[in-house]
Amino acid sequence: MPSSNIWLLMVFVVWCGTLFFYDTLVRRVPNKLLMLAMALQLGLFVVTGHGLLGTSPMYGLVGFVIGLAFFLPLYALRAMAAGDVKFFAVIGLLLGPVALLPVFLIGSLLAGLHALVYTASKAGSLPDLQTVAMRLERWSFYQRILQARGNRVGIPYAAYLAVGAVWMCVYPKGL
């Protein structure tokens with residue numbers, strides 16, 4: 001792998017990591033992060049003829065449209081937040097349409113595990129986890145995170161999609 005590709009991969013991993021932590025803590029997907037990735041990708045299409053991770057312009061645009069079309073109905077049914085939809089479309093732009101299914105499967109598996117642990121914790125099945133949560137709630141840092149989050153609750157799905165996207169970049173042959 002040429003050294004320029006390694007740098008671009010590192011940029012992608014840092015971008016996904018930033019999004020992972022932001023969505024996990026605040027339950028939002030910042031539009032600025034999405035616009036930054038789109039601008040970088042489209043700029044690379046114009047300057048080099050290929051995208052961040054070697055994606056051709058047509059392949060990236062098809063991935064964007066498929067990613068958007070795949071989750072838009074779920075947003076319309078209020079089963080998914082807008083940030084998750086936009087993030088999945090941007091992942092399609094960056095990685096192409098072939099990566100979307102594995103990213104979706106990895107993200108959904110992790111989100112399902114999150115839901116199971118959360119449900120088990122609330123049901124009292126994981127008393128140690130409840131103890132950790134009670135201690136965490138006392139930290140002033142955590143209180144500031146909850147204030148920033150406002151009334152946004154739920155599973156940080158875009159964060160788990162980011163994990164799937166990094167996985168597909170590191171292991172492009174798939175699962």
Side-chain angles (χ1 to χ4, degrees), residues 8-44 51-53 55 59-122 133 136 141-142 144-172 174-175:
L8 292 175
L9 177 61
M10 287 174 41
V11 166
F12 181 76
V13 169
V14 167
W15 178 76
C16 283
T18 303
L19 196 133
F20 174 89
F21 285 110
Y22 199 88
D23 191 34
T24 300
L25 295 175
V26 185
R27 296 297 196 272
R28 290 196 67 127
V29 177
N31 285 334
K32 289 179 183 179
L33 280 176
L34 299 176
M35 295 301 288
L36 175 69
M38 290 175 65
L40 178 62
Q41 183 76 332
L42 294 174
L44 284 170
L52 185 68
L53 301 166
T55 309
Y59 194 67
L61 293 174
V62 168
F64 181 84
V65 170
I66 289 173
L68 190 62
F70 189 73
F71 277 169
L72 206 52
L74 294 172
Y75 171 73
L77 295 171
R78 298 199 182 275
M80 182 168 290
D84 301 330
V85 175
K86 292 182 283 188
F87 179 68
F88 196 61
V90 171
I91 289 299
L93 178 71
L94 297 173
L95 302 181
V98 172
L100 289 176
L101 182 60
V103 168
F104 167 74
L105 292 174
I106 293 167
S108 296
L109 177 66
L110 293 172
L113 289 172
H114 179 120
L116 280 172
V117 169
Y118 179 80
T119 303
S121 172
K122 290 297 180 186
L136 183 65
F141 173 73
Y142 188 71
R144 286 193 300 269
I145 289 171
L146 290 178
Q147 276 182 331
R149 187 184 294 177
N151 63 352
R152 290 181 300 274
V153 295
I155 295 171
Y157 191 59
Y160 297 130
L161 291 173
V163 171
V166 169
W167 180 275
M168 286 308 298
C169 286
V170 175
Y171 301 104
L175 303 171

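Just so you know, residue 1 is the first one in the sequence shown, and it goes up from there.
Closest approach of A99 and M168 over heavy atoms only: O-CG, 4.2 Å. Closest of all the heavy-atom pairs between V62 and P97 is CG1-CG, 4.0 Å. A pairwise comparison of heavy atoms in V166 and C16 identifies CG2-CB, 3.5 Å as the closest pair. D84 and F71 get closest at one heavy-atom pair: O-CD1, 4.0 Å. Looking at every heavy atom in both residues, L95 comes nearest to C169 through CD2-SG, 3.4 Å. The minimum heavy-atom distance linking W15 with L34 is given by the pair CZ2-CD2, 4.1 Å.
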**Prompt:** Should V85 and L74 be marked as a side chain to side chain contact (heavy atoms under 4.5 Å, CB included) after you check the CA-CA gap, both sets of side-chain angles, and the distance that decides it?
**Reply:** CA-CA 8 Å; V85 175; L74 294 172; 6.0 Å; no

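The structure places CG of L40 at 8.0 Å from CG of L94, a figure rounded to the nearest 0.5 Å. One finds the CG atom of L61 at 11.0 Å from the CD1 atom of I66 (value rounded to the nearest 0.5 Å). To the nearest 0.5 angstrom, N31 atom CG is 12.0 Å from L36 atom CG. To the nearest 0.5 Å, atom CG of residue L52 and atom CG of residue L42 are 11.5 Å apart. In this structure, CG in D23 is found 12.5 Å from OG1 in T18, a value given to the nearest 0.5 Å.
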With a 3.5 Å cut-off and sequence neighbours excluded, list the donor-acceptor pairs that the side chains of residues 155-165 form with protein atoms.
| residue | atom | partner | partner atom | Å |
| --- | --- | --- | --- | --- |
| Y157 | OH | S108 | OG | 2.8 |
| Y160 | OH | H114 | ND1 | 2.6 |

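The main-chain N or O of Y75 is never found under 3.5 Å from a side-chain atom of R78 such that the two would form a donor-acceptor pair.
In terms of the side-chain contact (heavy atoms from CB on, under 4.5 Å) criterion, residue partners of F70 (sequence neighbours excluded) are, by chain and number, F88, F104. For L109, the side-chain contact (heavy atoms from CB on, under 4.5 Å) test picks out no residue, with sequence neighbours left out.
Heavy atoms of other residues, nucleotides or ligands lying less than 6.0 angstrom from OH of Y59 number more than 12.
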